[in-house]
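To keep things clear, I will list the structure first and then write my remarks on it.
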Amino acid sequence: MARKDLLDIASLHREEIEFLLDQSTSFKKLFTRSVKKIPALEGKSVLMLFYEASTRTHSSFEVAAKRLSAEVTNFDVAHSSITKGESVRETIETLQAMRTDYIVVRHGHPGLPAMIARQTTASVINAGDGAHEHPTQALLDAFTIKEKFPDPRGKKVLIIGDILHSRVARSTSTLLQKLGVEVAYLGPGSLVPKYGPATIPRFTDYEAAMAWAPDVVYLLRVQLERQDVQFFPSVREYHRVYGITTTRLAEIRDRGLYIMHPGPVNRGVELCDAVMDYERSLITNQVENGISVRMAVLDWLTPGGDFPKQEAYIAQQKAGSPVITP
Amino acid sequence: MLLLQNARIASENSPALVESDVLIVEGIIQEIGQSLAIPEGARVIDARGRVLMPGMFDAHVHFRAPGFENKETITTGSEAAINGGVTGVVMMPNTRPALDSATAIATVLENAKHRSRIPVYTSGCVTKNREGKELAEIEGMRGLGVKMLTDDGDTTADPAVLLRAMQYATEFGMFFASHCEVPELAGPRALNEGVMSYRLGIKGSPACAEEIIIDRDIRLAHAAGAHVHIQHVSSKMGMETIRWWKSRGDVKVTAEVMPHHLMFTDEHIGDYDTNYKMNPPLRTQADCDALLAGLIEGVFDIIATDHAPHTPFEKAQDFISAPNGITGLDTALVSLYNHFVEPGKFGWDLVVKRYSAEPRRLMGLPVAAIEVGQEANCVLFDTTAETTFTKEFMKSKSQNTPFIDQTLKGRVDLVVLGAEILLER
Ligand SMILES: [Zn+2]
């Protein structure tokens, strides 16, 4: 069953995830051909609505859409001051009048892509809404892990860093759990909330977290710009306590653990320079896989379907119910 | 002349309803008894099976005038009150301009006289423009009958300012109502910090942000010998703090709880439903349960709605951009009946005591009761009927309520104030 929108991982069924990951594999095969473009979305329009700057996600979606032969337009919001909900609603009216087929949206306010989805016939893809969700990042992470572990059930992923502000942590851990992967969090007590999902062990001590025996270490970007108060004393202390230092890299190499990071990396903070040359670092694989996963998502969604009324939509979303019920 | 036959009369003193006829002559309850003779020219209403109670009194409402008449006016607000079975209200002073002077208060009271069919009282600000810095002209407001001082919506941040205000105004027989929140802890978003805020990815407001000020303000009142009234308590430990202070018996403290904090939790926010966005925020089931216990026990002296209208346009934004607050007057009595009286959690006596008698006592007003010699001030309520809260049903200018389009048990059939029938269904 295809959907109109991709707003979160929480409401996705396991079968839908498996389907999307399978499709991504097929799309990735195209990359080795000399002509990488297919006409799947010929005549369709994709509108990029990025209220927060993001070169990586933005260009990944753009490449994915173009490889499917869609027409890509950028709605220029980056330099304007319109970030409040009120003006967003005026923008939505404009977008609805334009009858675009897809809207890829990133915004600092959680739930805002869902609001756009309720008010347009376009298929809306959440490219990150505040600290809420980033579903395509989760899909590309799962895809990258499945390339190394075709049956990932029972594997262990340790997510390190600012869990509190991270939409990546939320989406990726939700998705991995749906695939039977075990997830744990590690970070400073001020950034790993006690009220996170009960099914996810929570560590504040690096050694204790390594004793949990992870297969993959997933480092989150330290987002100093999201912190309205100080959550840890200094970047130097963070690196020493929670970062992958040269000494720790040696242990990781011995154990043969994979390292992931959603990018962009703060070198010397989450990880030392040497990690970039580590043979089991999957950081560039993640970037590459982002394109095929986003192609699969665009291809899967069905724009122009119905124009759901708010209540009906919410009921439908609730029926497809959240996953991590702690 | 109005004769209500076989009504079941509710009072604050007894859980049992007493079936009786009630005769109202020239706005005064003249006779209560079995099978009263029908006087010539009297209008007779068969009230059999229906509950007759005093009109409710809401000591915490926002009528938005002056300054935000697009959300509510004194007329639409007071009509919403009548619609919900409420026959008297106290406005909060967070209007524009703020009600921080005798002039501003006089204007509101003058308007209310002409634009409302029920008495509208108002509280006054503690500080000028609710900024928490300079004291408002408190004595001037007292001269116009203001009893309650509050910067509702904003905690008076500097404890020294509040302490001085308490020392000053207590001499005038006035009391303080506290909106309790440490802004540095609460942050800008009205959502309880916990499992739900984490799942939605919104910075939450921890219950301790509220509890700290509850304790602080009672301590200040203790030091100043003042009376402090704690507004809209939402947390279990907040309730326990008040209970502890009350048990000491050496400080005058009263407190209020809102229907929505008794009925809903942060789980109701679901997919960012802004009709559940309010301040203090909805918390957990454990908090709801504790608040209900506190109400039954008497830790909370009064029920009030914090009626807070906002236009559909404002509330239709995303959760972060939308303003805090929900309306409460149109739905007041029916929602209490549906959620608590009908399921047997508490009786009509509690509703009458906590939502009619005690709020009037708090404001130093005579209590309305269905008794001979009293001015008629009563509501007839049908427990077998239902009410559907459509947009058309609401008399408030705004419809930002979780009850919109819901059908609840119970219906306000008749509202009488003095010689006038304010509402009849
Ligand atoms: Zn209020």
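Throughout, a chain's letter reflects where its sequence line sits, starting with A, and its residues are numbered from 1.
Both the backbone and the side chain of A:I163 come within contact range of chain B, each with at least one heavy atom under 4.5 Å from a heavy atom of that chain. Contacts of B:A316 with chain A are made by both backbone and side-chain atoms, with heavy-atom separations under 4.5 Å.
Checked against the 6.0 Å centroid criterion, the rings of B:F68 and B:H62 do not qualify as a close aromatic pair. Aromatic rings of B:F319 and A:H132 (six-membered ring for Trp) have centroids beyond the 6.0 Å cut-off, not under it.
Ranked by heavy-atom pairs shorter than 4.5 Å toward chain A, the options B:G201, B:S197, B:A322, B:G204 are led by B:G201.
In this pair, A:Y195 and B:Y198 present their aromatic rings perpendicular. The plane angle is above 60°, beyond the 30 to 60° band.
A salt bridge does not link B:R283 with B:E211: every distance from a Lys NZ or Arg NE/NH1/NH2 to an Asp or Glu carboxylate oxygen is 4.0 Å or more.
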